[in-house]
Amino acid sequence: MHRAFAVATLTLLLAGATVGDASAVEGSQFREAVRSNGGIIASESPAASAAGLEVLDAGGNAMDAAVASTFALGVARPQSCGLGGGGFLVYRGANGEVAALDFRETAPAAVTPETFAGQGLYKTFTGHTTVGVPGTVAGMQEALDSYGTIGLTDAIAPAEKLAREGFEVPKSLSEEMGNHVSRLRLFPETAEQFLVGGEEPYPEGSILVQPRLAETLALISKQGPNAFYEGYIAESIVEEMENESSFEGDEGLMTADDLASYRAVWREPLIGDYRGREVITMPPPTSGGIAVVEMLNILEGFDLASEGQSSADTLHLLAEAQRLAFADRNEYVADPDFVDVPTEQLTDKDYAESRGAEIDPEQAAAHKAGDLNEAGQSPGEDENTEGSTTHLSVIDADGNAVALTCTIEQTFGSAVVAEDTGILLNNELTDFTGPGTANEPEPGKRPRSSISPTIVVESGEPALVVGAAGGAQIIMGSLLAIVNTVDFGLDPAQAIDAERLDAQSETKMNLEQGRVSPQALADLTARGHTIERREGEYAKLPRVQAAGTDPDTGERLAATDPRSGEPASVGQGGASQGERDSLPKTGGPPLLCLVGTPLSRWLAVCR
Ligand code: GLU
């Protein structure tokens, strides 16, 4: 018997409980949460966490740290996030103020419902046609303007240093370079930036220096978002789009007007409640918040705590709630600026009760969307089920909290680096679904997302600050963390360690089976679930990062998912999930200055 399993079993028996009740059967890769009496950061990049920590230690707040970490992620976790991408964030101030920022990428004006209906390089989720207008720079400026205390220059400084001096390539990045080597080799500028000699992945522990990206960051730091949306960088991106591509079906669509008209948008956060806790999450154009709230509302009608964690009854209810919510999500959720999304109905408690009544306790079912009388919709399931992306959760010493998920869509996005900028561009437009669906491509529209940054508040404190990567699996990443926290009393580390379930459609069920009993598995099969994933304890996705508050001590907790490459969560006062000395070492002294490059001509000072 696994040691952690044995200990948990013994503890439960001593406590008079039976296995299968509210328990935390920790897996073999369980990562203990860091604890701090100051601020904490959960992320899956040691370099990004260190960047945020530096800002917290210098007196910055949670938003300052989240923005600094986001810029650093773009350098040190370039496969997931960056200046060429976008994302969503949910904020809750210690004073109770809440906000939600949409810095999602946007379709260029030239996009039509048919743009992705034919054949072309875009069918491989690669190349210029897939690129949406990036939102990260506008979003980070908005976030700082509204809730930060530092300026863009200070927030960018750690990222710029990482790009200029380099950082040790972690195993996760080296492996992804290897997995995507053939895509990275398609475009010379990309190959030069991310492959040794333009050919081979950087080995783990080698130093990756990105001088062009450093120059770009310096320019934004000095001139602000205008440099990105209207200045030199915009010109370079447009030039990249206009370059004739050697691949069929790889037309660049983005124009100077598309970039100049980009705006990050503050949206009304979606507020739910689950068993007396407040749930603050992201409204459309992501489907994540609606689906999370709808599922929680459905599940509230059932006593999961009595059924027991990992029991067949609980897993059955989770799967059925997901299939119901996903049928609604696929049919109704898209960019609210283009489609009348029935958000209120989908997140209504009475609606959830009626949906919950459709669940047969003994039989798995494929569910249809509720009849909400919305015109002209048809189901749009995601074609792209895997994804990259990365999430970070921050709580500062005062209790301000940020859940932020940033993305360039798939691993290494479109695989196109815009000429002379070091900016790896997203392939977010592949998140649109087919013509005739609510989420069809249209000019200026934001593709539906699954990103689900969520803050759960209990007794006035951020009990859980959570979000995930992993395509449409993101949604269950956040949902399960919430259920495990609220129904089963787990701390953030245990809540994200526990087995994952994902049941998007038909009667299929992806399940990490390692910590589910053979009896429960047999029971689920007998109820008609087709259990598809047989990886054992941990699959690859979704990767969930979580922070929270210990209700007994008031300490802040942060944990990196065991499914993420490197333990990377940190807290003020020296708390770290990894060894302190495994936090990023930069690549050492040579200060690079690209004298003579077009970018450095735009910079008054070359540092
Ligand atoms: N593009 C995806 C979304 O917004 C996230 C990327 C991923 O799949 O991890 O839903």
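Indexing begins at 1, ligand by ligand and atom by atom, following the structure's order. Just so you know, these numbers use all the heavy atoms, side chains as well, and skip hydrogens, waters and symmetry mates.
- Only the side chain of Arg104 comes within 4.0 Å of ligand 1, counting heavy atoms alone; its backbone N, CA, C and O stay farther away.
- Relative to the six-membered ring of Phe326, Arg329 meets both conditions, a distance below 6.0 Å and an angle of at most 45° to the axis.
- Below 3.5 Å of separation, one finds no N or O of Ala469 facing any N or O of ligand 1.
- When only interatomic distances are considered, the shortest N/O to N/O separation between Ile474 and ligand 1 does not fall below 3.5 Å.
- With ligand atoms numbered from 1 in the order given, ligand 1 contributes 7 (C), 8 (O), 9 (O) to contacts under 4.0 Å with heavy atoms of Gly470.
- Remark: Phe103 engages no residue in a ring-ring contact (aromatic ring centres under 6.0 Å, His included) (not counting sequence neighbours).
- Every heavy atom of Arg448 sits 4.0 Å or more from the atoms of ligand 1.
- Contacts between Pro447 and ligand 1, counted as non-hydrogen atom pairs separated by less than 4.0 Å, are absent for every part of the residue.
- Near Ser450, meaning under 4.0 Å from any of its heavy atoms, are these atoms of ligand 1: 3 (C), 4 (O), 10 (O).
- Each of the atoms 1 (N), 2 (C), 3 (C), 4 (O), 10 (O) of ligand 1 lies under 4.0 Å from some heavy atom of Asp431.
- Taking only non-hydrogen atoms, the option from Thr389, Thr286, Leu541 nearest to atom 5 (C) of ligand 1 is Thr389.
- Crowding of Glu251 atom CD: a count of heavy atoms from other residues, nucleotides or ligands under 6.0 Å not exceeding 12.
- Within the 4.0 Å heavy-atom criterion, the part of Glu428 lying near ligand 1 is the side chain and not the backbone.
- Asp145 is linked by a side chain to side chain donor-acceptor pair (under 3.5 Å) to Gln141, counting only residues two or more places apart in sequence or in another chain.
- Ion pairing of Arg355 with Asp328 is present here, as a side-chain N (NZ or NE/NH1/NH2) and a carboxylate O approach within less than 4.0 Å.
- Using a 3.5 Å distance cut-off with no hydrogens or angles, the side chains of Glu409 and Asn427 do not pair a donor with an acceptor.
- Gln545 and Ser569 are not linked by any side-chain donor-acceptor pair at a separation below 3.5 angstrom, with hydrogens and angles left out of the test.
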